[in-house]
Amino acid sequence: MPKKILVVEDNLDTRELIHLHLTTEGFAVVTASNGREGLYLASAEHPDLIITDISMPEIDGLELVRQLRTQSKFESLPILVLTAFGADQMDQAIQAGANRALNKPVHFDGLIDDVRELLAETNKK
């Protein structure tokens with residue numbers, strides 16, 4: 001059974017590229033175009049990992065992470081945050097509860113490596 005990843009990204013091109021790379025690597029992928037949709041799909045789809053952008057309409061990625069971490073079913077779910085705004089927002093993402101934060105533009109080999117590492121760490125628990 002492939003691991004399911006929820007990708008929350010408002011930029012259609014970026015969302016589709018991440019989806020393509022993850023599915024090529026054998027993951028099942030569900031996508032959301034904003035944080036509100038991401039919150040809904042996290043509960044409905046029970047992903048094994050979430051990748052979210054920070055800067056999005058309705059609910060941004062930091063608030064998405066904070067809201068997920070208040071729910072017991074998402075306390076240990078790996079969350080990887082993507083940002084185009086550098087180290088300060090990466091630090092904020094970690095403080096909000098993300099496991100890792102990466103800069104955009106996304107380097108897909110590195111993203112896949114991080115996804116595999118986070119899933120492996122979760123499986124050890």
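The basis for the numbers below is simple: all heavy atoms, side chains too, and nothing from hydrogens, waters or symmetry mates. Owing to the predicted nature of the structure, the values given are computational and were not obtained by experimental measurement.
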How many angstroms lie between atom [atom1] of [X] and atom [atom2] of [Y], to the nearest 0.5 angstrom?
| X | Y | atom1 | atom2 | result |
| --- | --- | --- | --- | --- |
| Ile5 | Glu45 | CD1 | CD | 13.0 Å |
| Thr14 | His19 | OG1 | NE2 | 14.0 Å |
| Thr31 | Ile51 | OG1 | CD1 | 11.5 Å |
| Lys104 | Leu111 | NZ | CG | 11.0 Å |
| Ser76 | Glu121 | OG | CD | 12.0 Å |
| Ile18 | Asp13 | CD1 | CG | 11.0 Å |

Decide side chain to side chain contact (heavy atoms under 4.5 Å, CB included) for Val106 and Leu17; before the verdict, give the C-alpha distance in whole Å, the side-chain angles of both, and the deciding distance to 0.1 Å.
CA-CA 10 Å; Val106 175; Leu17 277 172; over 6 Å; no
Given Asn103 and Thr83, is the side chain to side chain contact (heavy atoms under 4.5 Å, CB included) satisfied, shown in steps?
CA-CA 5 Å; Asn103 266 320; Thr83 181; 4.2 Å; yes
List the steps, then state whether side chain to side chain donor-acceptor pair (under 3.5 Å) holds for Glu63 with Gln67.
CA-CA 6 Å; Glu63 185 59 27; Gln67 288 189 32; 3.1 Å; yes
Contacts of Asp10 that satisfy side chain to side chain contact (heavy atoms under 4.5 Å, CB included) - sequence neighbours left out:
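Checked Asp10 against side chain to side chain contact (heavy atoms under 4.5 Å, CB included); matches are Asp53, Met56, Pro57.
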Ignoring hydrogens, what is the shortest heavy-atom contact between [X] and [Y]? Give both atom names and the distance.
| X | Y | answer |
| --- | --- | --- |
| Ala93 | Ala101 | CB-CB, 4.3 Å |
| Phe27 | Arg116 | CZ-NH1, 3.8 Å |
| Ile59 | Leu64 | CG2-N, 3.7 Å |
| Gly26 | Pro2 | O-CB, 3.2 Å |
| Ile50 | Ala42 | CD1-CB, 4.1 Å |
| Pro78 | Leu118 | CB-CB, 3.9 Å |

Are [Y] and [X] linked, directly or through intermediate hydrophobic residues, by side-chain heavy-atom contacts shorter than 4.5 Å (ILVMFWY only)?
| X | Y | answer |
| --- | --- | --- |
| Val8 | Val65 | yes |
| Leu41 | Leu82 | no |
| Leu80 | Ile54 | no |

Is [X] reaching over with its side chain to a backbone N or O of [Y], donor-acceptor style, under 3.5 angstrom?
| X | Y | answer |
| --- | --- | --- |
| Arg15 | Glu9 | yes |
| Asp48 | Lys4 | yes |
| Asn99 | Ile79 | yes |
| Ser43 | Tyr40 | no |
| Lys3 | Leu119 | no |

In the structure I gave you, are the side-chain heavy atoms of [X] and [Y] within less than 4.5 Å of one another anywhere?
| X | Y | result |
| --- | --- | --- |
| Leu22 | Phe108 | no |
| Leu39 | Arg36 | no |
| Leu77 | Arg69 | yes |

Yes or no on side chain to side chain contact (heavy atoms under 4.5 Å, CB included) for Leu62 and Arg66, after CA distance, side-chain angles and deciding distance?
CA-CA 6 Å; Leu62 295 176; Arg66 287 185 197 105; 3.7 Å; yes
